[in-house]
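Right, one structure below, let's go through it.
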Amino acid sequence: MNYEIPLPLKQEHEALHDQLRQATQAEGEVGELAKALARLMHPHFVKEDQIALPPLGLLVALSSGDVTPEMA
């Protein structure tokens, strides 16, 4: 069973990535620190996309009481 990540969460997540990308384009110390942060955060972002966010797609079904064995 495949559930979609709720659109508001996708949008918020992408906005955060965009802000970090923009910060990496800054000159000087801010840009360098943003690049370092992006390198450090990349594994976290990948795991978040793979593990943490997809189950949140179950929230709509669960909130309406629509529970199936496949959700396990």
Side-chain angles (χ1 to χ4, degrees):
M1 181 163 270
N2 192 12
Y3 289 92
E4 289 288 320
I5 298 167
L7 184 58
L9 289 175
K10 279 184 180 180
Q11 291 170 333
E12 183 177 334
H13 201 237
E14 190 55 39
L16 178 62
H17 285 267
D18 286 341
Q19 288 177 342
L20 182 54
R21 274 192 288 273
Q22 288 175 11
T24 65
Q25 302 303 311
E27 294 185 23
E29 188 175 7
V30 170
E32 293 306 313
L33 291 172
K35 288 174 189 167
L37 177 61
R39 283 190 298 276
L40 291 170
M41 292 299 297
H42 180 72
H44 170 80
F45 288 147
V46 170
K47 285 182 181 179
E48 194 173 50
D49 288 341
Q50 293 173 343
I51 299 169
L53 293 178
L56 297 177
L58 295 169
L59 292 175
V60 172
L62 291 172
S63 68
S64 66
D66 184 19
V67 179
T68 67
E70 295 172 316
M71 290 176 173

**Message:** For Glu12, is the CD atom crowded, meaning more than 12 foreign heavy atoms sit under 6.0 Å from it?
**Reply:** no
Taking atom [atom1] of [X] and atom [atom2] of [Y], what is their separation to the nearest 0.5 Å?
{"X": "Phe45", "Y": "Leu40", "atom1": "CZ", "atom2": "CG", "value": "10.5 Å"}
{"X": "Asp66", "Y": "Leu58", "atom1": "CG", "atom2": "CG", "value": "10.5 Å"}
{"X": "Ile5", "Y": "Leu59", "atom1": "CD1", "atom2": "CG", "value": "11.5 Å"}
{"X": "His42", "Y": "Leu37", "atom1": "NE2", "atom2": "CG", "value": "13.0 Å"}

**Request:** Provide the closest heavy-atom pair for Leu56 versus Ala52 in the form atom of the first, atom of the second, distance.
**Result:**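 Heavy atoms of Leu56 and Ala52 come nearest at CG-O, 3.8 Å.
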**Request:** Looking only at non-hydrogen atoms, find the nearest pair between Ala34 and Leu20 and report the distance.
**Result:**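 Ala34 and Leu20 have their closest heavy atoms at O-CD1, 3.7 Å.
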**Message:** Quick one, Glu14 with Gln11, criterion side chain to side chain contact (heavy atoms under 4.5 Å, CB included). Give me CA distance, side-chain angles, the key distance, then yes/no.
**Reply:** CA-CA 5 Å; Glu14 190 55 39; Gln11 291 170 333; 5.9 Å; no
**Message:** Holding to salt bridge (charged side-chain N to carboxylate O under 4.0 Å, His left out), I want the full list of residues that pass it with Lys10, two or more places apart in sequence or in another chain.
**Reply:**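 For Lys10, the residues satisfying salt bridge (charged side-chain N to carboxylate O under 4.0 Å, His left out) (neighbours in sequence not counted) are Glu4.
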**Request:** Take His17 and Arg21, measure what side chain to side chain contact (heavy atoms under 4.5 Å, CB included) needs, and give me the verdict at the end.
**Result:** CA-CA 6 Å; His17 285 267; Arg21 274 192 288 273; 3.8 Å; yes
**Asked** Would you say the side chain of Asp49 lies within less than 4.5 Å of the side chain of His13, judging by non-hydrogen atoms?
**Response**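 Sidechains of Asp49 and His13: in contact.
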**Item:** Heavy-atom check, side chain of Leu62 versus side chain of Val67, under 4.5 Å
**Value:**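 Yes. Closest side-chain heavy atoms under 4.5 Å.
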